[in-house]
Undergrad: 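Below is one structure. I have some questions about it.
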There are 2 protein chains.
Amino acid sequence: MHLTQHLKGTGYHYAPDPSSQGACTIGGNVATNSGGPHTLKYGVTVNHILALEVVLPDGSLVELGSPTGDTPGYDLTGLFVGSEGTFGICTRITVRLTRNPAAYRTLLGIFETVADATQAISQIIGAGIIPAALEMMDQGIVGAVEAAFHFGFPLDAGAVLLIEVDGLEIAVDEEAEKIVRICQEAAAREVRRATTEKERLLLWKCRKQAFGAIGRLSPSYCTQDGVVPRTRLPEILAFITDCGARHGIRIVNVFHAGDGNIHPILLFDERDAAQVARVLEASDEILTKCIEMGGSVTGEHGIGVEKINFMDKLFTADDLAVMGLVHDVFNPEGRCSPRKMLPTAGGCGTEHIERSSPARRAAL
Amino acid sequence: MHLTQHLKGTGYHYAPDPSSQGACTIGGNVATNSGGPHTLKYGVTVNHILALEVVLPDGSLVELGSPTGDTPGYDLTGLFVGSEGTFGICTRITVRLTRNPAAYRTLLGIFETVADATQAISQIIGAGIIPAALEMMDQGIVGAVEAAFHFGFPLDAGAVLLIEVDGLEIAVDEEAEKIVRICQEAAAREVRRATTEKERLLLWKCRKQAFGAIGRLSPSYCTQDGVVPRTRLPEILAFITDCGARHGIRIVNVFHAGDGNIHPILLFDERDAAQVARVLEASDEILTKCIEMGGSVTGEHGIGVEKINFMDKLFTADDLAVMGLVHDVFNPEGRCSPRKMLPTAGGCGTEHIERSSPARRAAL
């Protein structure tokens, strides 16, 4: 957010804009290779990082990448981004700035059902349009956001799509027209346009602060971060609804629909141990389903410690052993982010030494 | 080229299109992280690779990445791309396809001098336009290409720019208009437009087969591959002219101007040992100058064995030691691409063992 503010008026911006940018840091963005609402068109953090200064766990200082973005040798900058602190501490980050687009058009598509909204998403992408952003909010989250920000969202709609296109003035009008037509063909109740910059910013505020509005729905919440191929969004959303019903957990959804990156938000009360257990079970089922559908257990928030047990469902023992060896190049004694990201032989609670080099090499 | 042909009529294409695509392989593209004329807008090979199947030097088979492009853990796909065969052999490659743009406009800007042409490049990028391609050919190469393909290039022009914009029909006209205006302001003698698809393809054929036309100029040639910040193109081109004059070597230029990726082509006769020595000296000077200007000794063709002695001018001993350790994770005995890319203790002719793990770790 500081970087975004600092660039105001220069004609340039830093393209990745995590919804959490009021709270997150650029170092955290590098560690988890953050995405955001504009990832669909502009890519994730790694696409916008030119160089890094890194302190390795042994105290040595290395420079990765270069400000021109062209470096021979192995792409260690790309390797570091998303390594969740397991390679060392990043102390300086050189980012690539993106010129501000000449024009935006920001649309709000209002749909009776989540299925209609996902149908519209498929048709938009299928028509060859790559919106700058394509975000979905379901009825549950719309209710919370409306109570907080009074934008004028219809409370009875099944889902809304926030769609933004950017580019040349003349091109965005044509794209916006096409999108309106596609939404209408997908049985949208209504498609609104942000007619002023103020209205556009309010719409984005509603989306970006949606998580803050969840306090109106329940005392605690657990956000999941899964990925499915975009064509399977209707299926995973139906599964999530069903999963919530089975476990007696209310789940609302606000997410990067264009990327197939879901963010089901499981609502509960952390003072109730039985509810907590059901939330963990439901989360596990949803992420397992994402894997079955050919997706992943994280789109942008990383593995950390919470999802470490999914790693051996996603990777073979050989794949994990190779990652472990790469880990040991930078962090042989596990001084930085120990027990993060890579499963240890005995599960995430065991000591680092159990997955150190000689044993791992022998396992290969 | 096979992939490109295979996709004809599907509405999709594989975006990286190396000028050498009549001869190169997709495995080679992955090994060197190839660019091409459309890199300016569409990026290099790594931006279009979703997953790899790799045979490691010990014979084990690993899968890197996933077809959805979202994989947690370290980005080993990105690490493998550009590793020049030093990590193993790639046996299966999953690429990302790009939807064909709705429309193109292809322009040929004709300039009296290289300086005018580079001025136009700076102004185009400065105006916020990102052409799909922005290629320069100087007088020497234009003469050879014209003799080979009879396109109608003016033989007395100092430089020509091949500029392509793509996107929506309505947008490309506006962008093409702007580019024509900018070229005229930069004292272009003339700006031509490809008015038919046939004319566009011929223009691209001239560019892509320019290297084949060099046989008309001299019995042997050595193409260099350097990078400078785009704003320093006039300076490096002047240096190249001067360098050629000092060494008595004729140098012609055809290159990815929009990326600052130069390809000076040094003309000589390999039967003349003195000429060969002068070509090597001149090449060394040009690449050293690229480094001094904050650039790199390779934009897309890699380090291989030829440029290995530049690595310690680009990287500190610590940086190289880290790369060596990463190398050893995959290829500890140097079975694949030995003596490529990373300098050994005693120069590129010495045995791999001299840069094996224990010594390297001790050096850190």
Undergrad: Contact between B/Asn47 and A/Asn47 at the side-chain level, heavy atoms closer than 4.5 Å - yes or no?
TA: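 B/Asn47 vs A/Asn47: side chains touch.
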Undergrad: Taking the side chain as C-beta and beyond, is there a heavy-atom pair between B/Val329 and A/Asp328 under 4.5 Å?
TA: no
Undergrad: Who wins among B/Asn261, B/Val297, B/Thr86 for the most heavy-atom pairs under 4.5 Å with chain A?
TA: B/Thr86
Undergrad: State the CZ-CG distance between A/Phe330 and B/Leu325, to the nearest 0.5 angstrom.
TA: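 The CZ atom of A/Phe330 sits 8.5 Å away from the CG atom of B/Leu325.
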Undergrad: Distance check, rounded to the nearest 0.5 Å: B/Leu64 atom CG versus A/Phe315 atom CZ?
TA: 9.0 Å
Undergrad: When rounded to the nearest 0.5 angstrom, what is the spacing between CD1 in A/Ile130 and OG1 in B/Thr98?
TA: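 Spacing of CD1 (A/Ile130) from OG1 (B/Thr98) equals 7.5 Å.
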Undergrad: Which atom pair, heavy atoms only, marks the closest approach of A/Ala171 to B/Leu168?
TA: O-CD1, 3.7 Å
Undergrad: For the residue pair B/Val322 and A/Tyr74, establish whether any side-chain heavy-atom pair is separated by less than 4.5 Å.
TA: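 Side chain of B/Val322 against side chain of A/Tyr74, heavy atoms only: no contact under 4.5 Å found.
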Undergrad: Counting heavy-atom pairs under 4.5 Å to chain B, which of A/Leu76, A/Val46, A/Ile170 comes out on top?
TA: A/Ile170
Undergrad: Please flag which part of A/Thr316 lies under 4.5 Å from any non-hydrogen atom of chain B: side chain, backbone, both or neither.
TA: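 For A/Thr316, neither part sits under 4.5 Å from chain B.
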Undergrad: Would the number of heavy atoms belonging to other residues, nucleotides or ligands and lying under 6.0 Å from CG of A/Leu50 be above 12?
TA: yes
Undergrad: In the structure I gave you, are the side-chain heavy atoms of A/Pro72 and B/Ser296 within less than 4.5 Å of one another anywhere?
TA: yes
Undergrad: Please classify the contact between A/Phe87 and chain B as side chain, backbone, both or neither, with a heavy-atom cut-off of under 4.5 Å.
TA: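 The side chain, not the backbone.
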Undergrad: Sort B/Ser83 into side chain, backbone, both or neither according to what part of it lies under 4.5 angstrom from a heavy atom of chain A.
TA: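 Answer is both: backbone and side chain atoms of B/Ser83 are under 4.5 Å from chain A.
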Undergrad: Surrounding CD1 of B/Ile89 (heavy atoms of other residues, nucleotides or ligands, distance under 6.0 Å), is the total greater than 12?
TA: no
Undergrad: Between A/Leu314, A/Val62, A/Val81, which residue shows the highest count of heavy-atom pairs closer than 4.5 Å to chain B?
TA: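 Winner by heavy-atom pair count: A/Val62.
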Undergrad: For chain A, which candidate among B/Asp259, B/Val227, B/Val172, B/Ile303 shows the most heavy-atom pairs at distances under 4.5 Å?
TA: B/Val227
Undergrad: Counting N and O atoms only, with roles assigned by atom type, does the side chain of A/Arg99 sit under 3.5 Å from a partner on the main chain of B/Gly126, one being a donor and the other an acceptor?
TA: yes
Undergrad: For the CG atom of A/Asp75 and the CG atom of B/Asn33, what is their distance to the nearest 0.5 Å?
TA: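 Rounded to the nearest 0.5 Å, the CG-CG separation comes to 8.0 Å.
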Undergrad: With a 4.5 Å cut-off on heavy-atom pairs, point out which of A/Asp319, A/Thr298, A/Asn100 contacts chain B the most.
TA: A/Asp319
Undergrad: Counting heavy-atom pairs closer than 4.5 Å to chain B, which one of A/Ala102, A/Gly128, A/Gly78 comes out on top?
TA: A/Gly128
Undergrad: With a 4.5 angstrom heavy-atom cut-off, could you sort out which part of A/Ile291 is near chain B: side chain, backbone, both or neither?
TA: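 Interface part for A/Ile291: neither.
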